[in-house]
Q: 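One structure, pasted below without further comment.
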Amino acid sequence: SYIQHARVDGPLVMIGFGSIGRGTLPLILRHIGFEPGQFTVIEPSGGYAGLMAEHGVKHLQRALTPDNLRETLVGLFPDGKGLIVNLSVDVDSIEVMELAQELNVLYLDTVVEPWPGFYFGSPLPNAERTNYPLREKVRELGRKYQGGPTSISCCGANPGMVSWLLKEALLELAKDTGIAAAPKSREDWADLSMRLGVKGVHIAERDTQVSARPKPAGVFVNSWSVDGLLSEGYQPAELGWGTHEKKLPPLGHRFDFGAGYAIWIDKPGVDTRVRSWCPDVGPQFGLVVTHNESLSIPDYYTVWQGDQAVYRPTCHYAYHPCNDAVLSLYEANGAGVLQAEKHILTEAEITGGGDDLGVFLYGHAKGAMWYGSRLTIEETRALAPYQNATGMQVTSAVLAAMVWAIENPTAGFVEADEMDHTRCLFVQRPYLGRVEKHYTDWTPLKNRINRFAEDRDDEDPWQFTNFLVA
Ligand code: NAD
């Protein structure tokens, strides 16, 4: 009784069967058609072999490496058709994307992931351990493979869905402020954002999921990949840099190549806090963990006059992870050592809470607006198995991206900003709980417990310096 949105022609291969891979499985089984016996998962762990077998999915138990990647994928795609869903860690996305072009196979992932050795123990200087060079490399390849088989880079919840929500939010804001809007091209969207006076966008998230067991000392607990959070969290903080910004933050640096839409801060993202806002709690701290959408959104929404950027919004993640992850980070940062033991909270042990994940648009005529998905653990359990609320916002975006790739098979390299947000949200929406819009009169200059010295700009509340907790 579920809508089958699309059908894969040829083999369907998923790489990685972690929290996101397992959660995506039931959505694929419901909404994507494929030939019996044509669904394979490449996953080194045998921990969930039973789950795969139960659903008739083949398990290729193998860790992909630079040495076996080519022979493995060539063997799985003999006929020049099919689709790869890459949901692994430690597998170089760019290499798989190039191979998919060669094999004429559709591709999508949720992050630009490198082989091991980039995130930790790298000899590279910090400027080169950011996502900016990774994304610039993907964009450059995109120019080479124009019109090739569709290859979607970075399409989970964020990066991914938030780019679609941002478009809906801009249209809502236009409607609520009486501004005419019928954007079609990238230029139209950038122009609309400029006319609305949006100075910046937080990807504002609050994860309130809790379990009955207090976080044990020495264990890193999170609601999704611990490896994923640690990898991106200990890259330098990174953010799209708006044209309204007056000065760089302390330890902030520009990039000396590419279109210059972002800056990086010489501190880990998980130790870089900003003031932000989410509907569940109101004002809160968020972490400026680097993400692809902090780069793709400012790039997409830049208004150019010749080679001059005359408008661009500031954009970054402002992430309040689940409380156990906040404690885990406090512990790790204090010790200067990562915990050896890791744990992802399952839907079975979570006793309450949910995930508010949306876009927070500020600096416009109505002050600030949060627009996004509010999904509780109870709603999630009722919607589909094998995942918590955080997972479902990601897996349903992966589903939407699969559908879009199949329906648009020769789009070459794309990111979520370049996909049809209406179609994608149509597919995803049944899994997002309540999609809500909230206006607030909050600014980062409001609310202090006692006054202390701080670098404030009282003339413009929306300067990054006011958000940043120095
Ligand atoms: P996870 O840690 O639960 O699972 C990762 C899986 O990859 C594991 O099962 C692991 O065995 C497998 N793996 C490790 N090395 C491999 C190799 N060499 N070859 C094949 N498989 C290998 O992670 P998760 O929570 O499922 O997240 C998966 C990916 O999705 C991560 O890269 C994460 O950053 C990303 N993610 C993106 C978003 C988003 O919104 N864009 C959200 C959550 C996760």
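Quick note: numbers below take in every heavy atom, side chains included, and nothing from hydrogens, waters or symmetry partners. This chain uses plain numbering: 1 for the first residue, then up along the sequence.
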Q: Are Leu166 and Tyr301 close enough that some pair of their side-chain heavy atoms sits under 4.5 Å apart?
A: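 The answer is yes, as the side chains (C-beta and beyond) meet within the 4.5 Å cut-off.
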Q: Say whether, by atom type as modelled, one donor and one acceptor occur between the side chain of Asn408 and the main chain of Ala411 under 3.5 angstrom.
A: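 Side chain of Asn408 to backbone of Ala411: no pair is present.
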Q: Answer yes or no: does atom CD of Gln61 have more than 12 heavy-atom neighbours from other residues, nucleotides or ligands under 6.0 Å?
A: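 Atom CD in Gln61 is packed in, count exceeds 12.
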Q: Could you check whether any side-chain heavy atom of Thr440 comes within less than 4.5 Å of a side-chain heavy atom of Phe360, counting everything from C-beta outward?
A: yes
Q: Verify the ring-centre separation between Phe39 and His55: is it less than 6.0 angstrom?
A: no
Q: Quick check: are there more than 12 heavy atoms from other residues, nucleotides or ligands sitting under 6.0 Å from CZ of Phe426?
A: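 Check fails, neighbour count at 12 or below.
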Q: Taking atom CD of Gln387 and atom OG1 of Thr380, what is their separation to the nearest 0.5 Å?
A: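 Going from CD on Gln387 over to OG1 on Thr380, the span is 7.5 Å.
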Q: Considering only distance and modelled atom types, tabulate donor-acceptor pairs under 3.5 Å from the side chains of residues 274-281, sequence neighbours left out.
A:
{"from": "Arg275", "atom 1": "NH1", "to": "Asn466", "atom 2": "O", "distance (Å)": "3.2"}
{"from": "Ser276", "atom 1": "OG", "to": "His202", "atom 2": "ND1", "distance (Å)": "2.9"}

Q: Drop me the distance from Leu76's CG to Leu12's CG, to the nearest 0.5 angstrom.
A: 11.0 Å
Q: Is the closest side-chain donor-acceptor distance between Thr390 and Asp207 under 3.5 Å?
A: yes
Q: Whether the side chain of Gln284 engages the backbone of Glu205 through a donor-acceptor N/O pair (distance < 3.5 Å, no angle test) should be reported.
A: yes
Q: When you compare the side chain of Tyr317 with that of Leu239, does any pair of heavy atoms fall below 4.5 Å?
A: no
Q: In Å, rounded to the nearest 0.5 Å, how long is the span from CG of Leu329 to CG of Asp324?
A: 11.0 Å
Q: Could you tell me whether the side chain of Arg129 reaches within less than 4.5 Å of the side chain of Tyr234, counting heavy atoms only?
A: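 Of all side-chain heavy-atom pairs linking Arg129 with Tyr234, none is under 4.5 Å.
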Q: Applying side-chain hydrogen bond (donor to acceptor under 3.5 Å, both in side chains), run through Gln428 and Trp164 and close with a yes or a no.
A: CA-CA 11 Å; Gln428 190 179 11; Trp164 308 329; over 6 Å; no
Q: Under the rule for salt bridge (charged side-chain N to carboxylate O under 4.0 Å, His left out), what residues qualify as partners of Asp79, not counting sequence neighbours?
A: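 Salt bridge (charged side-chain N to carboxylate O under 4.0 Å, His left out) list for Asp79, sorted by chain: empty.
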Q: Holding to salt bridge (charged side-chain N to carboxylate O under 4.0 Å, His left out), I want the full list of residues that pass it with Asp92, two or more places apart in sequence or in another chain.
A: none
Q: Carefully, step by step, assess Asp417 and Arg186 under the rule salt bridge (charged side-chain N to carboxylate O under 4.0 Å, His left out).
A: CA-CA 9 Å; Asp417 307 283; Arg186 183 203 73 77; over 6 Å; no
Q: Please determine, by modelled atom types, if Asp188 and Ser185 share a side-chain donor-acceptor pair under 3.5 angstrom.
A: yes
Q: Quick test of your reading: applying salt bridge (charged side-chain N to carboxylate O under 4.0 Å, His left out), list the pairs with at least one residue in residues 222-236, sequence neighbours left out, ordered by first then second residue.
A: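 Checked against salt bridge (charged side-chain N to carboxylate O under 4.0 Å, His left out) - neighbours excluded - the pairs reaching residues 222-236 are Asp227-Lys342.
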Q: How many angstroms lie between atom CG of Leu99 and atom CZ of Phe77, to the nearest 0.5 angstrom?
A: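 Interatomic distance, Leu99 CG to Phe77 CZ, rounded to 0.5 Å: 9.5 Å.
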Q: State whether the side chain of Arg434 and the backbone N or O of Arg374 hold a donor-acceptor pair below 3.5 Å, judged by distance alone.
A: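 Here the side-chain-to-backbone pair exists.
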Q: Determine, stepwise, if the pair Tyr145 / Glu98 fulfils side-chain hydrogen bond (donor to acceptor under 3.5 Å, both in side chains).
A: CA-CA 9 Å; Tyr145 292 121; Glu98 291 208 76; 3.0 Å; yes
Q: Determine, for Tyr386 and Arg22, whether the Lys NZ or Arg CZ falls below 6.0 Å from the six-membered ring centre while staying within 45 degrees of the axis.
A: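 No cation-pi geometry.
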Q: What's the spacing between Asp355 CG and Thr208 OG1 if we round to 0.5 Å?
A: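 OG1 of Thr208 is found 7.0 Å from CG of Asp355.
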Q: Please determine whether the number of non-hydrogen atoms from other residues, nucleotides or ligands lying under 6.0 Å from atom CD of Glu349 exceeds 12.
A: yes
Q: Under the 3.5 angstrom rule, does the side chain of Ser373 hit a backbone N or O of Gly433 as a donor-acceptor pair?
A: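 Not at all, since once roles are kept as given, no pair shorter than 3.5 Å links the two residues.
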Q: Determine the minimum heavy-atom distance between Asn104 and Gly80, stating which atoms define it.
A: ND2-O, 3.0 Å
Q: So does Asp420 get a backbone contact from the side chain of Lys167, meaning a donor-acceptor N/O pair under 3.5 Å?
A: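 No, the answer is negative, given that no donor and acceptor are paired below the 3.5 Å cut-off.
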Q: Is the closest side-chain donor-acceptor distance between Asn158 and Tyr319 under 3.5 Å?
A: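 Per modelled atom types, Asn158 and Tyr319 side chains form no pair under 3.5 Å.
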Q: Is it true that the side chains of Thr290 and Gln235 contain a donor and an acceptor less than 3.5 Å apart?
A: no
Q: Quick check on ring-ring contact (aromatic ring centres under 6.0 Å, His included): which of Trp241, Tyr300, Tyr132 does Tyr261 satisfy it with?
A: Tyr132
Q: Take His316 and Phe464 through the test ring-ring contact (aromatic ring centres under 6.0 Å, His included) and record every step on the way to the result.
A: CA-CA 10 Å; His316 56 83; Phe464 183 67; 5.4 Å; yes
Q: Determine yes or no for a side-chain-to-main-chain donor-acceptor pair under 3.5 angstrom, with Asn131 supplying the side chain and Leu134 the backbone.
A: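 No, because the side chain of Asn131 does not come within donor-acceptor range (under 3.5 Å) of the backbone of Leu134.
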Q: For Ser223, is there any backbone N or O sitting under 3.5 Å from a side-chain donor or acceptor partner on Gln209?
A: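 Answer holds: no.
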Q: Looking just at side-chain N and O atoms, do Glu415 and Ser163 make a donor-acceptor pair shorter than 3.5 Å?
A: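 No - no donor-acceptor pair under 3.5 Å links their side chains.
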Q: Taking C-beta and beyond as the side chain, do Val210 and Thr351 meet within less than 4.5 Å on heavy atoms?
A: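 Touching, per the 4.5 Å side-chain cut-off.
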Q: Quick one, Asp109 with Val91, criterion side-chain contact (heavy atoms from CB on, under 4.5 Å). Give me CA distance, side-chain angles, the key distance, then yes/no.
A: CA-CA 11 Å; Asp109 62 34; Val91 176; over 6 Å; no
Q: Return the minimal non-hydrogen interatomic distance between Leu141 and Phe413, and the atom names on each side.
A: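 Minimum heavy-atom contact is CB-CE2, 3.7 Å.
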Q: Distance-only, no hydrogens or angles: does the Arg423 side chain make a donor-acceptor pair with backbone N or O of Val403 under 3.5 Å?
A: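 No, because the side chain of Arg423 does not come within donor-acceptor range (under 3.5 Å) of the backbone of Val403.
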Q: Output yes when a side-chain donor or acceptor of Lys215 lies under 3.5 Å from a complementary backbone atom of Val219, and no otherwise.
A: yes
Q: Is atom OH of Tyr330 surrounded by more than 12 heavy atoms (other residues, nucleotides or ligands) closer than 6.0 Å?
A: no
Q: Under 3.5 Å, is there a donor-acceptor pair linking the side chains of Tyr119 and Asp90?
A: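 No, because no side-chain N or O of Tyr119 sits under 3.5 Å from a partner of the opposite role on Asp90.
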Q: Is there any side-chain hydrogen bond (donor to acceptor under 3.5 Å, both in side chains) pair reaching into residues 33-48, and which pairs are they, with sequence neighbours excluded?
A: Arg7-Glu35
Q: Do Ser396 and Leu432 have side-chain heavy atoms sitting under 4.5 Å apart?
A: yes
Q: List in chain and number order the residues that pass salt bridge (charged side-chain N to carboxylate O under 4.0 Å, His left out) with Lys58, two or more places apart in sequence or in another chain; answer none if no residue qualifies.
A: none
Q: I'd like to know if the side chain of Asn388 reaches the main chain of Leu345, judged simply by a donor and an acceptor atom lying under 3.5 Å from each other, with no hydrogens or angles considered.
A: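 Pair found, side chain donor or acceptor close to backbone of Leu345.
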Q: So, Glu436 versus His438: side-chain donor-acceptor pair below 3.5 Å or not?
A: yes
Q: Please examine the side chains of Ile297 and Ile203, heavy atoms only from C-beta on, and report whether any two atoms are closer than 4.5 Å.
A: yes
Q: Would you mind telling me which of Lys175, Lys437, Arg429 makes a salt bridge (Lys or Arg N to Asp or Glu O under 4.0 Å) with Glu168?
A: Arg429
Q: Looking only at heavy atoms, what is the nearest atom pair of Ile20 and Thr24, with distance?
A: O-OG1, 2.7 Å
Q: Is there a side-chain contact between Leu287 and Pro321 in this structure, where contact means two heavy atoms from C-beta onward sitting under 4.5 Å apart?
A: yes
